[in-house]
Structure formats: C-alpha cells, structure tokens
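A quick write-up on the structure given underneath.
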Amino acid sequence: MRLRTLTIAALATASVLPAAAAQAASTGGALHALQSDGTPVELQSVALGQVNRDLVLTVRATRSIDPADFDDGGRICLHVRQMQEAAVICVTRSGTAWRLRRDQRALAGVIGQPKAGILRVRWRPADVGLEPGSVSWRVAATPDGCDRVALCRSRAPRESGTDYPGRVMRVSVVGCVASGPTEVRRGAPGKRIALTYDDGPSADTAALLDTLQRLDVPATFFMIGRQVEAHADVVRRVLAEGHEIGNHSWDHADLGRGGARASRQLRETNAVIQSVTGYTPCVFRPPYGSTGPDLVERTRAAGLTSILWSVDPLDWKRPGADHIVARVLRQTGPGAIILSHDGGGPRAQTLAAAPRVIAGLRRRGYTFVTVSELLGYRERLELRP
Ligand code: ZN
C-alpha cells in the first residue's frame, strides 16, 4: 500500500446531491457522518439517495481520494441488499478512468469526483436487480494493497454486522416540460417518428392499445377533455403502457381565434386528465388544425406546445384501410408526426390499418417515439416511497 501524505481537502459542508439535481425529482437519503477510524482512505460520511430514475451514492473521505490508491485492486464498494437480492457495486480505477463494476462485470453508470475528497456514483437500480422498496446497505473503502494489511479498510457504518436502512423510490411520470418552438409540425430530421391519435378516448381506444402493446409501439393520444372521465380506466391504461397523453380541447371547439375561451378549454382539459391520471400534458393538438398567434401564445402560457402534423391519411373520412396504409407510407419522412383518430366516429378502418402502418414504417427503418420524446422534452418525475 502506498501511504502518502495527502493534502487535507477543504471540507466545507456540501449538499448530498449535485446542484444540477435541483430541477429533478430527488431525495438525498440520510447523510451518515462517521467518527475517525484512522485508516488511509478514511470515510467521513456516506449517503445513498435518488435522482430521477438513478440511485446516487455519495462518499466523502477526510482527505482527497487519490485515484492512484485504486488502480491495483483498490476499490470503494457499496454492498446493498433487498429481500433475497444482494449486489456489490464497486468503483475501481483502470488506466486513467474510474470504472463501475458489479461482481467484476462492467455496470453502466456515471462516476464523478466533484471535489478531491468526494466520489459520487450514479446508476439504475434495476440494472443491479433492485426494485422500489426498502434496502439495507454499507460502504467499504479498500485502497491498493489493503487486502494484506490489517485495519486499513474503512467501513460505513463502523460496526461490522450493521447496515444502514435505505430505499429505492417509485418513479412516477407526472408531466413533461414544453420547450423550444411553440408550434411544431414535425420533429428533427431522423428515423424517429411519432404516431398520434386524436378525438378519443372512445370505445375503440382499448382495441388500439391492444395492437400497440402487441407490437411494442408508443403513441400519443390527444384527448377531448369532456370524454376523459367516462373512460377513466382506458385513460390510465394509456399512460401505464408507456404512451403519452396530449390535450385536444374540452369539446373539440374551433379555438383558432384564441381568446379567454381557448385558455379555459386548455386549462380544464389538462385539469381533468391530471385528476384522473396524476399526469399533466405538455402537448396540445388544436381541433381541425385551426390555429393562430393568439392561440399559440395561450397554449404555451398553459405549459403546452401546439402540435400539428406532417402526415394526414384522412382516416376520419373512412377511405378504407388500404388507402390509409398507402397514404401514411407515401407521406412519412424524417421526423414525421402522423395524424390518425381513435374517436369521433367508427374507427375500424384506422384500427385495421395500424399494424400494417407500423410494419411498413419499421421496414423503412423508422422507430416510434412519443411526441414529447420526438421533441426532446424533459419528463417531470415524482419520487414516492
Ligand atoms: Zn380532432
């Protein structure tokens, strides 16, 4: 072991989680401060928290954490246990970079050293078999050569046989954040495209969801506010199966001229969707595609982007499934936003077209995303115990 004289880093009180997490859903977990144990890499405090979908382990040492102490068998490891599942997640040094491993295998994650004495590690709990719920955990810092030397491993908590209690939080998507252009017809050029369905929820929505689930395709459903409560179960199912819900006005009025009535329709539709699902939309499809500067301004003021389309197969006119499929395949290009309907009339043709549309677009190399994914919007997440 290379014992060296290390500069004592300034030990100002730092927050457990990075400042960048201020806008994210985060919980720092408890910060566990430790008594001195006189080891070479002496743990001063540890914390296990969560930022969005990631667990974050923050390890603070009384001196700087010198990478050279961790490049030859040295490691800082989190031992975490949940029911029958146990994982050992270790940070080591390889060449010029920190590496994250679980049981000797590489683990996807982010390792940062924001200050000389702090190491912060971030990874997905599901990648190590952890689910939402309580866990118990401990940390051990073992510098190079320590395995052959007594009393050089720093353990948190100090007493062997004890662990800290912790928790993997349940993540709920409670909304998204509209940004960039206030009115959009298509996404960035690329192979990602969005299927959108308007005028539901209706009696046909569940059958469409069955098809999308079978084919593993996400879509965006622009819903009419006054229909939401009568179809509350299917509305919740839309979100649970990974689709996006958008706002399509309260009663399908032509809101193109804007005004206070438009703002009220936007607000009331978002409110009913929120009350049924806990999710607040950030995308709006103007009924009839009728739009104007005042409506667009009011749409953004309500936290939404006005979403038009680049592909329109006129499925609502019921031209036959073959025509719907042919029109979509002909019109679709990079970043397409494809308009269709799961309500407003009998939709058997649209339902029959869906699997063929999806297969045809996949053959052309396209992948499907929701509208807010297509536009790169940030999700709003909430963490619950
Ligand atoms: Zn419509």
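In each ligand, atom 1 is the first atom listed, and ligand 1 is the first ligand listed.
With no hydrogens or angles considered, a side-chain donor-acceptor pair links Glu373 and Thr370 at under 3.5 Å.
Using a cutoff of 4.0 Å between basic side-chain nitrogens and carboxylate oxygens, Lys317 and Asp312 are not scored as salt-bridged. A salt bridge links Glu85 with Arg102: the closest approach of a Lys/Arg side-chain nitrogen to an acidic carboxylate oxygen falls below 4.0 angstrom. Using a cut-off of 4.0 Å between Lys/Arg side-chain N and Asp/Glu carboxylate O, Arg124 and Asp54 are scored as salt-bridged.
Below the 2.8 Å limit, the Zn ion (ligand 1) has as protein N, O or S neighbours Asp199 OD1, His248 NE2, His252 NE2.
When hydrophobic clusters are built by joining Ile, Leu, Val, Met, Phe, Trp and Tyr residues whose side-chain heavy atoms come closer than 4.5 Å, directly or via intermediates, Phe221 is not grouped with Ile307.
Judged by distance alone, with hydrogens and angles left aside, the side-chain atoms of His243 form no donor-acceptor pair with the main-chain N or O of Pro218 at under 3.5 Å.
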